[in-house]
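Remember, it's a predicted structure, so these values are computed and weren't measured experimentally. Numbered from 1 within each chain, the chains take letters A, B, ... in sequence-line order.
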2 protein chains.
Amino acid sequence: MDKVRQDSKAPRSYGQFCALARGLDLVGERWTLLIVRGLLAGPMSYTDLRASVGGIATNLLAERLRALESNNIVQRQLGDSGVLYALTPWGAELRTPMEALGRWALPLLERGQGDDAFQPRWLALAIPALLRGAAANPPVELGIETDGFSMVVRIDEDGPSAVARTDEQPETIFTGSPDIVVGLAAGRLTIDQAITMGNLQGDRDTLSAVFPPERANAGSVSATP
Amino acid sequence: MDKVRQDSKAPRSYGQFCALARGLDLVGERWTLLIVRGLLAGPMSYTDLRASVGGIATNLLAERLRALESNNIVQRQLGDSGVLYALTPWGAELRTPMEALGRWALPLLERGQGDDAFQPRWLALAIPALLRGAAANPPVELGIETDGFSMVVRIDEDGPSAVARTDEQPETIFTGSPDIVVGLAAGRLTIDQAITMGNLQGDRDTLSAVFPPERANAGSVSATP
DNA sequence: CCGCATCCTCATGGATACTG
DNA sequence: CAGTATCCATGAGGATGCGG
């Protein structure tokens, strides 16, 4: 018999004619934005995505992905290595509100990592968000390594971006704990402080080009958490 | 005996060292951002707030307000008319990410109001969000009436803002359904189309100063919902 | 293995009634 | 008016199963 998948999910809506409310109808459920966070770095397989989201139950991930797909935020791709999930163009535009929310929540990072989990790939969203507004011509590239994960932060005329580092070219690499890297990006630590606490291989100029000293303690974070 | 209020709420956290996740720990629960939406227009009493949020159960509102207060997003004020809830400075900064999310969700309004509820005061968040970036010197003010509610949209050198209209000064007033007002603000309708569908008392120049024709169909909304 | 679906338990949400 | 108390429905979380 035909397996007609009954769309038995009536995904609780606010039922309000308001852009914010309708947006929250789509991305306001638990885990949803963390799934998008994972996909902002590029398409991923189900299993990788599950690890990237961090702690989501498998049935919930499947359910959320189904909802996201039917709302045109996520699309499935058939790679040669199996199924890949990717953001649609509209879904990728969630980067802006998500970065804004992340910047708002920055003061919450000041209490440090504590017992919380950490995945270096999450920084691939955070770093560009924190550096948003910066631009450089010619481009600057800085390798950053934390918690065993390497990424390249690049600032060009289009602004900052971060990608996982696959090659092994001798770029300027700064190594430090998540606290230090975030503190540097957030302007909470000066470059000198960061170098004292971390480890810089290469020239300091690249580091200060990516994290300009004038941003330090610049108070882009204004209020008390 | 002492009523020691056991803080029995262990408000389910993602437990991740990530600004987005920590932000969602505070404002990611259902209804929370809609409560903030209400308070962005100014301090409100419990009962007014409940009406403004639209459909929230009273126990949930009390619980959310308690959490928001203990997280320094909302603070209670003692007005002479009783308790008032207001945003803290940090809480008020949620306007930026909320506007960003609203702009992202704008395509969802294109299917019209349908059966959804509508409260004109919600536009006090939406209109400035849609007009963000606009500035005018000298300032322009336009009275807008929809669904029995009047507001004044003002654009000055600091950008757009909207406040409920209490006085009865003879300002230029445009009257139209929510669909029309939103369509105009979103640049989906031209001024001529809006006037055809609505009703303008006063001069067209003020209307076009607030909703510049060049924004119409400008494609600030890029993707498909 | 990967990509889910099912089952079960319990915390959370939602509606309504009630109280200082 | 400003909530609390109660009860039921629903969604989250965890374990496990199962076909490809």
Side-chain angles (χ1 to χ4, degrees), chain A residues 3-16 21 24-25 27-35 38-39 43-70 74-86 117, chain B residues 3-16 21 24-25 27-35 38-39 43-70 74-86 117:
Chain A
K3 252 218 162 153
V4 177
R5 177 159 298 283
Q6 271 289 88
D7 221 342
S8 57
K9 289 294 159 191
R12 186 145 44 181
S13 159
Y14 288 114
Q16 298 184 358
L24 290 174
D25 282 341
V27 300
E29 276 182 313
R30 192 167 167 76
W31 296 112
T32 301
L33 282 184
L34 296 190
I35 295 172
L39 295 180
M44 257 194 286
S45 73
Y46 184 92
T47 307
D48 286 349
L49 186 54
R50 182 162 141 72
S52 149
V53 171
I56 189 176
T58 168
N59 55 347
L60 286 187
L61 178 57
E63 191 180 315
R64 294 291 185 273
L65 283 172
R66 242 177 285 138
L68 285 168
E69 199 186 347
S70 75
V74 160
Q75 57 193 356
R76 293 155 153 268
Q77 296 176 345
L78 247 60
D80 40 357
S81 59
V83 184
L84 285 185
Y85 292 90
Chain B
K3 252 218 163 154
V4 177
R5 177 158 298 283
Q6 271 288 88
D7 219 343
S8 57
K9 289 294 160 192
R12 188 148 43 180
S13 159
Y14 289 114
Q16 298 184 359
L24 290 174
D25 283 340
V27 300
E29 276 181 312
R30 192 165 166 77
W31 296 111
T32 300
L33 282 184
L34 297 191
I35 295 171
L39 295 180
M44 257 194 286
S45 73
Y46 185 91
T47 308
D48 286 350
L49 185 54
R50 183 161 139 72
S52 149
V53 171
I56 190 176
T58 169
N59 55 347
L60 285 186
L61 178 56
E63 191 180 314
R64 295 290 186 272
L65 283 173
R66 241 176 285 138
L68 285 169
E69 199 185 348
S70 75
V74 160
Q75 56 194 357
R76 293 156 155 267
Q77 296 176 345
L78 246 62
D80 39 358
S81 59
V83 184
L84 284 186
Y85 291 91

Where is the tightest heavy-atom contact between A:R50 and A:T58, given as atom of each residue plus distance?
NH1-N, 3.5 Å

Report all interatomic pairs (protein N or O, nucleotide N or O of nucleotides 18-20 of chain C) with separations under 3.5 Å.
none

Atom CG of A:L61 and atom P of C:dA5: how far apart are they, to the nearest Å?
11 Å

Derivation of the side chain to side chain contact (heavy atoms under 4.5 Å, CB included) call for B:I56 and B:L34:
CA-CA 10 Å; B:I56 190 176; B:L34 297 191; over 6 Å; no

Can you check whether A:G28's main-chain N or O pairs, donor with acceptor, with B:R30's side chain at less than 3.5 Å?
no

Considering the terminal five base pairs at each end of the helix from C:dC1-D:dG20 to C:dG20-D:dC1, what angle separates the two local helix axes, rounded to 10°?
30°

For D:dG3, take OP1 and OP2 only and decide whether either is under 4.0 Å from a side-chain N or O of B:R66.
no

Check side-chain hydrogen bond (donor to acceptor under 3.5 Å, both in side chains) between B:Y85 and all other residues, then give those that pass, not counting sequence neighbours.
B:R76

Approximate separation, where rounding is to 0.5 Å, of A:R66 CZ and A:E63 CD:
6.5 Å

Say you draw a straight line from CG of B:L61 to OG1 of B:T32; how long is it, rounded to the nearest 0.5 Å?
10.0 Å

Measure CD/A:E29 against P/D:dT10 and give the value in whole Å, please.
14 Å

Comparing nearest nucleotides in DNA chain C, the 5'-proximal residue of the pair B:R64, A:A62 is A:A62

Residues at least two apart in sequence or cross-chain that pass side-chain hydrogen bond (donor to acceptor under 3.5 Å, both in side chains) with A:E29, listed by chain then number, are none

Where along residues 44-54 of chain B does a heavy atom fall under 4.0 Å from DNA chain D?
B:S45, B:Y46, B:T47

Rounded to whole angstroms, how far apart are CG on B:L68 and P on D:dG3?
13 Å

Value in whole Å for how far the P atom of D:dA2 lies from CD of B:E69:
14 Å

B:Y14 (side chain) donor-acceptor with A:A117 (main chain) under 3.5 angstrom
no

ring-ring contact (aromatic ring centres under 6.0 Å, His included) with A:Y46: which residues, sequence neighbours excluded?
none

Check: protein-nucleotides 13-20 of chain D nitrogen or oxygen pairs below 3.5 Å:
residue: D:dG13; atom: OP1; partner: A:R30; partner atom: NE; Å: 2.8
residue: D:dG13; atom: OP1; partner: A:R30; partner atom: NH2; Å: 3.2
residue: D:dG13; atom: OP2; partner: A:W31; partner atom: NE1; Å: 2.5
residue: D:dG14; atom: O6; partner: A:N59; partner atom: ND2; Å: 2.9

For B:L65, which of B:V83, B:L60, B:L49 qualifies under side chain to side chain contact (heavy atoms under 4.5 Å, CB included)?
B:L49

Just the rounded figure in Å: distance from C1' of D:dG11 to CG of A:D25.
16 Å

Where B:S13 and B:D25 come nearest, the two heavy atoms and their spacing:
OG-OD2, 3.0 Å

Distance test, side-chain N/O of A:Y14 to OP1/OP2 of C:dG13, below 4.0 Å
no

Round to a whole Å and report the spacing from CD of A:E63 to C1' of C:dA5.
11 Å

Using side chain to side chain contact (heavy atoms under 4.5 Å, CB included) as the criterion, list what pairs up with B:L84, not counting sequence neighbours.
B:P43, B:S45, B:Q77

Could you work out, with side-chain hydrogen bond (donor to acceptor under 3.5 Å, both in side chains) as the rule, every residue matching B:T47, not counting sequence neighbours?
none

Would you name the heavy atoms of B:Q16 and A:G54 that are closest together and state the gap between them?
NE2-O, 3.1 Å

